[in-house]
Amino acid sequence: MTSLFQEVSPGAAAETPTRQITVTINGERRSAVVEPRLLLAHLLRQGFHLTGTHTGCDTSNCGACTVLLDGTPVKSCTLFAVQADGHDVMTVEGLAGPSELHAIQEGFKEEHGLQCGFCTPGMMMASKALLDENPNPTEDEIRWALSGNLCRCTGYQNIVKAVMWAAKKLEDQ
Ligand code: FES
Ligand code: FES
């Protein structure tokens, strides 16, 4: 067990239902005892200190909390941690290799696909899911794939260019 995460009031711990879960996060099996109400985003950020996953709206609107669950992009603010039990989760921390950035990260750097960076982890994970499924997307397909992710800074154009840059880099590799 690597993390115990419980929110309880003093003296109430014995009455709080908990469940042990095991999730493979970025290739590493991690176990935790959690309350059934704990959100996946909070398990990642506060339980496992993977703070690359951001929380913006907590209402499934902004996409900043997007991670991959068995390769599918999900908004971790609207998923319970127990729903990830037995599954693979990939966060933005899992994108880069040991010594080099992922092509998507390079693309965002090369094409200036970020400003404040708050939306960026979610944008990158949604882009990863897209490129895994469709390595050569059109601009429209990129915009559609990222339509659940909001950015208040960039105007989106450079984000689209970043994903196209990454697609080209991955194709050339
Ligand atoms: Fe999850 Fe905004 S924090 S969608
Ligand atoms: Fe600031 Fe997207 S770069 S919200």
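Along the sequence shown, the residues carry numbers beginning at 1. The figures here come from the full heavy-atom set of this structure, side chains too, leaving out hydrogens, waters and symmetry mates.
For residues 151-173, no residue pair satisfies the ring pair (Phe, Tyr, Trp, His ring centres under 6.0 Å) rule, not counting sequence neighbours. Residue pairs meeting the side chain to side chain donor-acceptor pair (under 3.5 Å) criterion with at least one partner in residues 103-122, sequence neighbours excluded, are E106-K169.
For the side chain to side chain contact (heavy atoms under 4.5 Å, CB included) test, residues two or more places apart in sequence or in another chain that qualify with A145 are L130. Residues satisfying the salt bridge (Lys or Arg N to Asp or Glu O under 4.0 Å) criterion with D140, sequence neighbours excluded, are absent altogether. Contacts of R152 classified as salt bridge (Lys or Arg N to Asp or Glu O under 4.0 Å), with partners at least two apart in sequence or in another chain: none. Among residues two or more places apart in sequence or in another chain, the side-chain hydrogen bond (donor to acceptor under 3.5 Å, both in side chains) test is passed with N26 by T91. Judged as a salt bridge (Lys or Arg N to Asp or Glu O under 4.0 Å), and not counting sequence neighbours, the contacts of K128 are D132. Taking Q157 as the reference, R143 meet the side-chain hydrogen bond (donor to acceptor under 3.5 Å, both in side chains) condition, with sequence neighbours excluded. In this view, E133 satisfies the salt bridge (Lys or Arg N to Asp or Glu O under 4.0 Å) rule with no residue, not counting sequence neighbours.
Although no hydrogens or angles enter the test, the distance criterion places a donor-acceptor pair under 3.5 Å between the side chain of R45 and the main chain of T53.
To the nearest 0.5 Å, atom CG of residue L43 and atom CG of residue L50 are 9.0 Å apart.
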Determine all donor-acceptor pairs shorter than 3.5 Å in which one atom belongs to a side chain in residues 56-63; sequence neighbours excluded.
from	atom 1	to	atom 2	distance (Å)
T59	OG1	N61	ND2	2.9
N61	ND2	T59	O	3.3

Give every donor-acceptor pair under 3.5 Å between a side-chain atom in residues 76-89 and any protein atom, sequence neighbours left out.
from	atom 1	to	atom 2	distance (Å)
S76	OG	C65	O	2.7
T78	OG1	K75	O	3.1
Q83	OE1	F80	N	2.8
D85	OD1	T22	N	2.9
D85	OD2	R19	NH2	3.3
H87	ND1	D70	OD2	2.6

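Applying the 4.5 Å side-chain rule to ILVMFWY residues, one finds that F118 remains a lone member of its cluster.
Side chains of N136 and E171: no donor on one and acceptor on the other come within 3.5 Å.
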